[in-house]
Amino acid sequence: MTTLPQGEAQPAAVADDGWRRLSVRMLLVHPVREVVRLFPLLVGVLFAGSSTGRGGLWALVGTGIAISLGVLRWFTTSYQVAAERIQVRRGLLRRELVSVSLDRVRTVDISASPLHRILGLVRVNVGTGLSDRKSENALQLDGISAAAAERLRDDVLRRHAAPAVAGAEEAVAAAGPAPAPAETVLAAASPSWVGYGPFTLSGFLTVLFVLGFAWRIVSEAHLDAERLGETTAGYLRLVGLPLAVELVGLALVLLAVVAIASTVGYVLAFWGFRLVRNGGGSLQVTRGLLSTRSTTLEERRLRGVEISEPLLLRFARGARCIAVATGLRVGRGAERGGTLLLPPAPGDEARRVAVAVLGSADPVTAPLVPHGPRAHRRRYTRMALAWAVVTVGLVVVSVALPPLAWAWELSPVLLALGLALAYDRYRSLGHTLAGRFLVTSWGSLVRRRCMLATEGIIGWNLERSFFQRRAGLVTLVATTAAGRQRYAVQDLPMEEALRVADAALPDLLAPFLVREGDAPA
Amino acid sequence: MTDAIPAGEAPPAPLQLRPPRHFVSPRAIWYWALRALFGWIVFAALQVGFLVVNSDDGALQWHVAALAATAVVAAIHLVVMPQWRFRVHRWEATPLAVYTQVGWFSQQRRIAPISRIQTVDTERGPLEQLFGLSNVRVTTASAAGPLKVHGLDRQVAQTLVDDLARAIESTRGDAT
């Protein structure tokens, strides 16, 4: 502990041999990447410069700067794992030393773009669960060899994952890279899972993006919208189909494109998916077709598992699984901020994985306690309120905008959809205490079943609106440092909420509980 | 372990969660009323400004009616809200847990074990200083809302913070 480097003041105390550099092959990655990134600029310089006759020169200067930036990064970036800390230094003019205790490391994320893979390199991101957005990539090493990355991962995670065995640490250090204790494969992708791709709608954004891009090209090309309209009308006359048929056709084509894009996206992201439990007490997810990614998560940070079923995926009886771990916020997008445990896959598979990860079948299979008729009624009243507001809006639109006079006709359709939604939302509501897990389920458009270990619960919030108080209902929120930070059990009868909260964390509520008829303490 | 919970599954009478024991300072009523009053004054000033700008559009009586309605709603709000809020806002700290109740229309009860508390701090806005009030904020490792006690008497707040600091010192762990 005495040699523990505290800051930039004493990096000299650590001998130079302790610091490792990025791979030399990285020198090839960065220039190529910089050139690609600067490509529009280079093209601009080339064109702007060509009018003065020195375009080639400027382009050369630009490329030169890009390449020297890459070389500089190699010279100035180094890292080491020593004395229970991982340290990264970088920067030429602004020297920077990031030093993080290994206790704080939550995840190690190793990813590789196709370019990286050709050169046998990877990018390592050590996740520390810092809430500060800026420091998210502070421990990122872009361009070290795959072998060095695995060694780094083992150094960072395994070393303190098994602190109980005093000799193990030295053994790992002596044996060098990965003694690789027993590994258990918890899940491996089957090619048939690709069928769930179209149901993820992940391609929707891509298609929107491409359409937007195409639209910009069209408008850049100064195509007259009016003339475009005339052309379309002429085309329709030529084909002789009514507009409605054309619109339906267009919608079908769009749907097919979205489905294909989603499937392609699924294959690219999740090809070769494997979830493995390492003997050292960590879970490792490996996936990706062109760009590969491998995320390692410490199991002692794991506080539970969430199974989510978006509506479309439910039609296909699919589900996905994400980890609930301290210091790991649940992210957006297909990767869920590195918490993904299983991509969209058969529902049975998702439940099997959840059981394997939690090490207990009860939370996954236990039947849920429904929340009763008052919670059921509340689903409908809330829906009706939202519907009334929307209907008023639609009527106003119908009256104010003559071309949209039909808008109010949407109202009954919305009512039917709303009723179905409210019914389904009630059906999803449920909770139970299974062993040492609090299980809560809610949602219709995305139905979720969260299984949270009670030792991960660090407090209760009991929330009651005026209407909930009248109905004798309460929303019980378990606060936690993991995942979403709050896991709510919606619209519980008060008594049941207290029973659950008291049973989950025995001594916490007890001093504040009274029985009816007792003299108030 | 605890005497309040019998071993059997079925309790003899339904359990109830009693509200926290301590009220906040009664001066908080005036503080809440004054704070709300500022909001209403701004709103009314905007209305008057609108009236002056559009004074010649022949709808003067509507403007005046709107202003009167604002005054009525504001008066009701200023009388009801602070009283209601005072009745709801309560707190209690035991050697094992902090328990708060806040809100008025929507109400929240929050309970956190002392062992999971990360920071305790007090803050005083300019208006609160005027009334000699303090807010105490207790945060845990969860981002899902810290526990706040608004409108405490300054002395009481200081005692609470000291008590909590002492209680936290005697617990261990990294509070996650």
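Note on naming: letters A, B, ... go to the chains in the order of the sequence lines (proteins, then strands), and numbering restarts at 1 for each one.
In this structure, the separation between CG on Leu147(B) and CG on Asn461(A) is 7.0 Å, given to the nearest 0.5 Å. Remark: Gln107(B) CD to Glu463(A) CD distance equals 12.0 Å, nearest 0.5 Å. Rounded to the nearest 0.5 Å, atoms CZ (Arg499(A)) and CG (Leu15(B)) are 10.5 Å apart. Within the model, atoms CD of Gln485(A) and OG1 of Thr140(B) stand 8.5 Å from one another, a figure rounded to the nearest 0.5 Å. We find the CD-CZ distance between Gln101(B) and Phe512(A) to be 12.0 Å, quoted to the nearest 0.5 Å.
Counting non-hydrogen atoms of neighbouring residues, nucleotides and ligands closer than 6.0 angstrom, the CD atom of Gln129(B) exceeds 12 such neighbours. Heavy-atom neighbours of Trp104(B) CH2 from other residues, nucleotides or ligands within 6.0 Å: above the threshold of 12.
Looking at Thr480(A), the atoms closer than 4.5 Å to chain B (heavy atoms on both sides) all sit in the backbone: N, CA, C or O. Proximity to chain A is limited to the side chain of Glu92(B), based on heavy atoms less than 4.5 angstrom apart. For a residue to count as touching a neighbouring chain, one of its non-hydrogen atoms must lie under 4.5 Å from one of that chain's; by this rule Leu505(A) does not touch chain B.
No side-chain heavy atom of Leu508(A) sits less than 4.5 Å from a side-chain heavy atom of Leu96(B).
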Return a table of donor-acceptor pairs under 3.5 angstrom between the side chains of residues 66-82 of chain B and protein atoms on other chains or two or more places apart.
unit_1	atom_1	unit_2	atom_2	d
Thr70(B)	OG1	Gln47(B)	OE1	2.8
Thr70(B)	OG1	Gln47(B)	NE2	3.2
Thr70(B)	OG1	Ala66(B)	O	2.9
His77(B)	ND1	Trp40(B)	NE1	3.0

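In this structure, Phe466(A) and Trp84(B) have perpendicular ring planes: the angle between them is above 60°, well past the 30° mark.
Between the side chain of Arg469(A) and the main chain of Phe105(B), a donor-acceptor pair closer than 3.5 Å is present.
Here ring-ring contact (aromatic ring centres under 6.0 Å, His included) pairs that include residues 127-165 of chain B, with residues two or more places apart or in two chains, number zero.
Nearest heavy-atom pair across Pro113(B) and Gly459(A) is CD-CA, 4.2 Å.
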